[in-house]
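Down below is the structure, laid out as C-alpha cells.
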Amino acid sequence: MNGMNDGNGHRTELELVARGRLIPAVSGDVLLSASITPGNALLALWTAESDVDAIAGRVTDPGGASFPTTRPSRPVATRVTLHDPETRLLTEFAALPMAHPSVHSMPDGQLLVVGARAEWRPEGADRNAVLYDAEGRVLAEETLGDGIQQVVTTRGGRIWVGYTDEGVYGNFGWGFDGPEPLGASGLVRYDAALRRDWEFPAINAGLDTIDDCYALNLDGETAWVCYYSDFSVVRIRDGVVKAWTNEVHSAAALAVAGDTVAFAGGYAPDRHRLVLARLGGDSVHVTGEYRLTLPGGKPLPARSTLFGQGSVVHVLTEDAWYTLDITRSPLR
C-alpha cells in the first residue's frame, strides 16, 4: 500500500489501534504526564484537579513573559499508575520536590521522577530527578538540568534525556552569568545511579549541534534522535554515532524498524502526519505519507501527545491511548 499524497495533496488515512482508556486509580484525578516503558506499556502520573496549579503552575515576570515553575508551591500528593492496558495503581507520593514532573520505568520496580525545569542558584541547583525504589523510598537525587524535553529509559536502567533550547543555551540561572547548562549538548545519557556517562558529540561527529531535541526513540539500547534545526536522523549504537540527512521537519515522535523510520506529528498543520521512510546511504528516502486518525476515521484531538518506542508510535489523548506498529500491515 502506497501512502503518498494524491493529486490534491491529501494524505491516505491510517487508523490508529485503540490500546486502552486512561482511567485514574482515584476518582477525580487528572493526568499530569505519561511515559512509555521499554516494554511498550504506559506509566501515568496523576493528581487531584485542585492540585494541578500547585505542581504544574507558571509564573509571569515583570515583562509579561510566562515560565513554568520549578518547584511545587505546596506539598501535592500524586499517584502512579501502570496501563498494560488495564489500570493498576503502583504507588503514591505524598509530596514530590519538583514541578512539572514525569515518571519513568527503571529496573527492579524502581521509578524515576523528573521535573522539566531546574533553576540554578548560588546556594545550589534544584534537584529535579529522584529515583525511588518499589516501596517509594528515595534511592538517589540529582540535578539533570533545565529545559528537559524528553526522558526515555532502557531495560538496563540507562536514562536518555533530550533538552529544549532553554536547556541547551540557558535560562533560570544557567548560561550567561551562570554555569554552563547541563543540557548544552542537547542529548545526555545517565546511568542507573543518575550519573552522566555520555553526551552528544556534535562537533567530534561532524554534525550540526542540537538546538532542540524534538524526537527521541529507544530501540533496545540503541537511541535514535531527530532534532532542530537540521532535523537529521541520528542513531547512537554502542557509543557510535551515525547520521542521515532528512527533509522531513518537525516530527514529534520517531518509530524505527531495521532501515525503516516513521516520523509522527509535526508543527500545527502536520500534527496528524505520519511519514514513512527508508534509510539509504547517508539520506532518508520518503516512501509514504499518511494522515493519522482515531478508529473510525475520527480526527486526532488538537491536544494529543505522541511518543515513539522501538517500532511503535503511541498517541495519547485526554482519556485514551492508541498505538501504531510500523512493522504491521498496511505499512509493511
Side-chain angles (χ1 to χ4, degrees), residues 1-19 36 38 40 42 150 152 162 207 212-220 222-237 241-302 304-317 321-332:
M1 176 178 179
N2 188 346
M4 301 300 287
N5 292 341
D6 64 20
N8 297 316
H10 299 135
R11 296 168 181 152
T12 302
E13 290 191 351
L14 188 62
E15 288 189 11
L16 296 162
V17 176
R19 182 69 185 274
I36 306 302
N40 277 301
L42 185 145
Q150 313 272 354
V152 191
L207 301 172
D212 198 321
C213 184
Y214 273 37
L216 177 61
N217 178 294
L218 285 184
D219 184 19
T222 298
W224 295 80
V225 63
C226 185
Y227 58 87
Y228 185 87
S229 60
D230 75 340
F231 294 105
S232 294
V233 173
V234 178
R235 182 189 69 203
I236 304 105
R237 177 188 291 163
V241 178
K242 163 67 177 174
W244 291 264
T245 60
N246 172 40
E247 299 298 323
V248 182
H249 291 182
S250 76
L254 292 175
V256 295
D259 64 353
T260 299
V261 60
F263 304 89
Y267 296 141
D270 290 322
R271 61 186 176 85
H272 311 93
R273 178 188 65 179
L274 184 126
V275 178
L276 203 65
R278 293 205 177 274
L279 305 174
D282 295 320
S283 306
V284 172
H285 306 280
V286 172
T287 59
E289 191 166 342
Y290 304 83
R291 178 182 175 86
L292 294 173
T293 73
L294 301 183
K298 297 179 181 179
L300 264 63
S304 300
T305 304
L306 283 72
F307 302 93
Q309 179 72 37
S311 64
V312 182
V313 176
H314 297 259
V315 178
L316 306 185
T317 64
W321 169 29
Y322 304 90
T323 60
L324 177 74
D325 191 332
I326 66 170
T327 66
R328 296 182 180 176
S329 179
L331 293 176
R332 296 302 284 176

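The first residue in the sequence is number 1, and the count goes up from there.
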Using side-chain heavy atoms (C-beta onward) and a distance below 4.5 Å, is Y227 in contact with L207? yes

Using side-chain heavy atoms (C-beta onward) and a distance below 4.5 Å, is V312 in contact with L324? no

Derivation and outcome, side-chain contact (heavy atoms from CB on, under 4.5 Å), residues C226 and N246: CA-CA 9 Å; C226 185; N246 172 40; 4.0 Å; yes

How many angstroms lie between atom CG of L274 and atom CG of L292, to the nearest 0.5 angstrom? 5.0 Å

For N217 and G310, indicate whether the former's side chain and the latter's backbone hold a donor-acceptor pair under 3.5 Å. yes

Rounded to the nearest 0.5 Å, what separation is found between the CG atom of D259 and the NE2 atom of H285? 10.0 Å

Distance col, row L16:CG vs K298:NZ, nearest 0.5 angstrom, shows 13.0 Å

Does a side-chain heavy-atom distance below 4.5 Å link V248 with F231? no

So V234 and V241, side-chain contact (heavy atoms from CB on, under 4.5 Å) or not? Walk me through it. CA-CA 7 Å; V234 178; V241 178; 3.5 Å; yes

V284 and L279: CA distance, side-chain angles, deciding distance, side-chain contact (heavy atoms from CB on, under 4.5 Å) verdict: CA-CA 5 Å; V284 172; L279 305 174; 3.7 Å; yes

Where do S250 and R273 come nearest, in terms of heavy atoms and distance? OG-NH2, 3.7 Å

Roughly how far apart are L254 CG and I326 CD1, rounded to 0.5 Å? 9.5 Å

Taking C-beta and beyond as the side chain, do L218 and P38 meet within less than 4.5 Å on heavy atoms? no

Using only atom types and a distance under 3.5 Å, with no angle test, would you say the side chain of R271 pairs donor to acceptor with the backbone of S304? no

Taking side chain as C-beta onward, heavy atoms only, is W321 less than 4.5 Å from T323? yes

Between F263 and A277, which heavy-atom pair has the shortest distance, and what is it? CE1-CB, 4.1 Å

Would you check if L276 and T260 make a side-chain contact, meaning some heavy-atom pair closer than 4.5 Å? yes

Within the distance-only criterion (no hydrogens, no angle test), does the side chain of W224 pair as donor or acceptor with the backbone N or O of A255 below 3.5 angstrom? no

Would you mind reporting whether E247 and V275 have side-chain heavy atoms less than 4.5 Å apart? no

From the list R19, Q309, H314, side-chain hydrogen bond (donor to acceptor under 3.5 Å, both in side chains) partner of N40 resolves to H314

Taking all atoms of both residues into account, what is the closest heavy-atom pair of A18 and P295, and its distance? N-CG, 4.1 Å

Would you please name every residue forming a side chain to side chain donor-acceptor pair (under 3.5 Å) with R235, sequence neighbours left out? none

Could you report the tightest heavy-atom contact between P301 and L294, atom names first, then the distance? CD-CD1, 4.1 Å

If you look at every heavy atom in S311 and T327, which pair is closest and at what distance? CB-CG2, 3.7 Å

For Y214, check side chain to side chain donor-acceptor pair (under 3.5 Å) against everything at least two apart and list the hits. Y267

Can you check side-chain contact (heavy atoms from CB on, under 4.5 Å) on L14 and T293, steps first, answer last? CA-CA 6 Å; L14 188 62; T293 73; over 6 Å; no

